[in-house]
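Per chain, numbering begins at 1; letters A, B, ... match sequence-line order.
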There are 2 protein chains.
Amino acid sequence: MSYTYDYPHPAVTTDIVIFTVDEAMLKTLLIQRGSPPFEGSWALPGGFVRIDEDVDACAKRELAEETGVRDIYLEQLYTFGAVGRDPRERVISVAYFALVPCRGLSLKAGTDAANAAWHSVNALPELAFDHRDIIAKARERLTAKMEYSTLGLMFMPEEFTLSEVQSLYETVSGQEQDKRNFRKWLLALDVIEETGAMKTAGAHRPAKLYRLKDTTGVVIIR
Amino acid sequence: MSYTYDYPHPAVTTDIVIFTVDEAMLKTLLIQRGSPPFEGSWALPGGFVRIDEDVDACAKRELAEETGVRDIYLEQLYTFGAVGRDPRERVISVAYFALVPCRGLSLKAGTDAANAAWHSVNALPELAFDHRDIIAKARERLTAKMEYSTLGLMFMPEEFTLSEVQSLYETVSGQEQDKRNFRKWLLALDVIEETGAMKTAGAHRPAKLYRLKDTTGVVIIR
DNA sequence: TCAAAAGTGTTAAGACTACACCCATGT
DNA sequence: ACATGGGTGTAGTCTTAACACTTTTGA
């Protein structure tokens, strides 16, 4: 089967920068390519937009295929449309970024996943296509948005302690925070609440557990 | 001549929301369609991305074709990729927005421009495709960005008065500002300078003229 | 001399920053 | 009892918001 047009058409893909925070590092999921071009290099998960599929739906599908996780934060990032970015044919890529919780993530077996691995964004391997630019842009957007919204909470699992949130923010921004000020700020946003339960973890005082309030998506601050 | 692929390919266009401020209204340039679909409705300027043309370059070209203006602010906005947005074939549109100065704009003769006109964003006519959504998104981004950057100055002509800048900000945001506070804020940003000249306009005290400092692009504040 | 827009400082309130000690637990 | 991370308040500084009169010009 083949498809014919009067004018040349580009191919359109989505690529997804999937962030998580683990071992005090901001990491992104990459897949090692098994065939040319860029054989052996690492690339962002992604794929072609089907002709009867919304671009957003394509990104959701790719995300589910790679991570097996549904209902996580996903946002369109930017569209990369330089002519030579794929040596095979003209490919325009609509990039997205996603945030998956620190804990509770299992990479899905099958498909490309055998070659999938998390990489610290501070020590990226050789990347295919313009994927280094895409990750750089995603990281910029992530750090900017974490300063004026509650986006960072999308990294948290169902229940979490205030210290966990703080250490997450410190990891992503690279800046240490004052404990008292951080807690005042976070609680004043009024988007999390105590669960009532405590988390015991070692030879020290247990920490209160919190969860997102029902109504909370990402809240823009100020 | 025709072009054949193994898999179906969408068409890709750019559409541009060109904003200006005129008569104390935020306006956008629209073109009345002369043929189906949506014949008679108004649409954003735009067109197909050529196979050997960067997506950004396509937006620049469309902008120049419509307005005859070069070197004005242009930023990628969002990519609209719902399946049914164009009834003819699958079309994915990479939307941009541009800011042209209040004064000194002449619509270019020729091409589609015979049917081009500025419309207040508060009183839009019937729009083709999903262009109402695109304009809504552009407006959101514009107002958000004007609060934390000097983007608004991109609306100003070469030389301008402080009162002109203030009234521009008031028009876009719909909020009145205190004159003294506004001037303090704007001058503290350190991105404009006096030209030395004055602007006389009627039976009142002349105003100092200002210009952007050499180095100034859009400055993110805070 | 009147009308119309330009220009100019001070004060009060609120937001942000810096900073140190006691608490609850496991070993 | 000690080591470990959890939890809490206050004072000083800086930023933001509110507010009204004088100046310069053309008619």
Which is more 5' along DNA chain C, the nucleotide nearest B:L162 or the one nearest B:A203? Just name the residue. B:A203

Assess whether atom CD of B:E158 is packed by more than 12 heavy atoms of other residues, nucleotides or ligands within 6.0 Å. no

If you draw a 6.0 Å radius around CD in B:E126, do more than 12 non-hydrogen atoms from other residues or ligands fall strictly inside? no

Is it the case that over 12 heavy atoms from other parts of the model lie below 6.0 angstrom from the CD atom of A:E147? no

How long is the straight-line distance from CG of B:L44 back to CG of B:L127, given to the nearest 0.5 Å? 7.0 Å

Separation of D:dG26 atom P from B:M198 atom CE, nearest Å, is 11 Å

In residues 169-186 of chain A, what residues come within less than 4.0 Å of DNA chain C, judged by heavy atoms? A:D178, A:R180, A:N181, A:K184

First contact, last contact: which nucleotides of DNA chain C are these for chain A, 5' to 3', heavy-atom distance under 4.0 Å? C:dT17 to C:dG26

Interatomic distance, CG@A:L26 vs OG1@A:T20, rounded to 0.5 Å, equals 8.5 Å

Tell me whether the count of non-hydrogen atoms from other residues, nucleotides or ligands lying under 6.0 Å of CD in A:E176 goes above 12. no

Are any of A:S163's side-chain N or O atoms less than 4.0 Å away from OP1 or OP2 of D:dG5? no

Is a donor on one side and an acceptor on the other found under 3.5 Å between the side chain of B:Q166 and the backbone of B:R183? no

Specify the residue among A:L187 and A:R205 whose closest nucleotide of DNA chain D lies further upstream toward the 5′ end. A:R205

Please check if the side chain of B:T161 supplies one atom and the backbone of B:K208 the other of a donor-acceptor pair under 3.5 Å. no

What integer distance in Å separates A:H204:NE2 from D:dG7:P? 10 Å

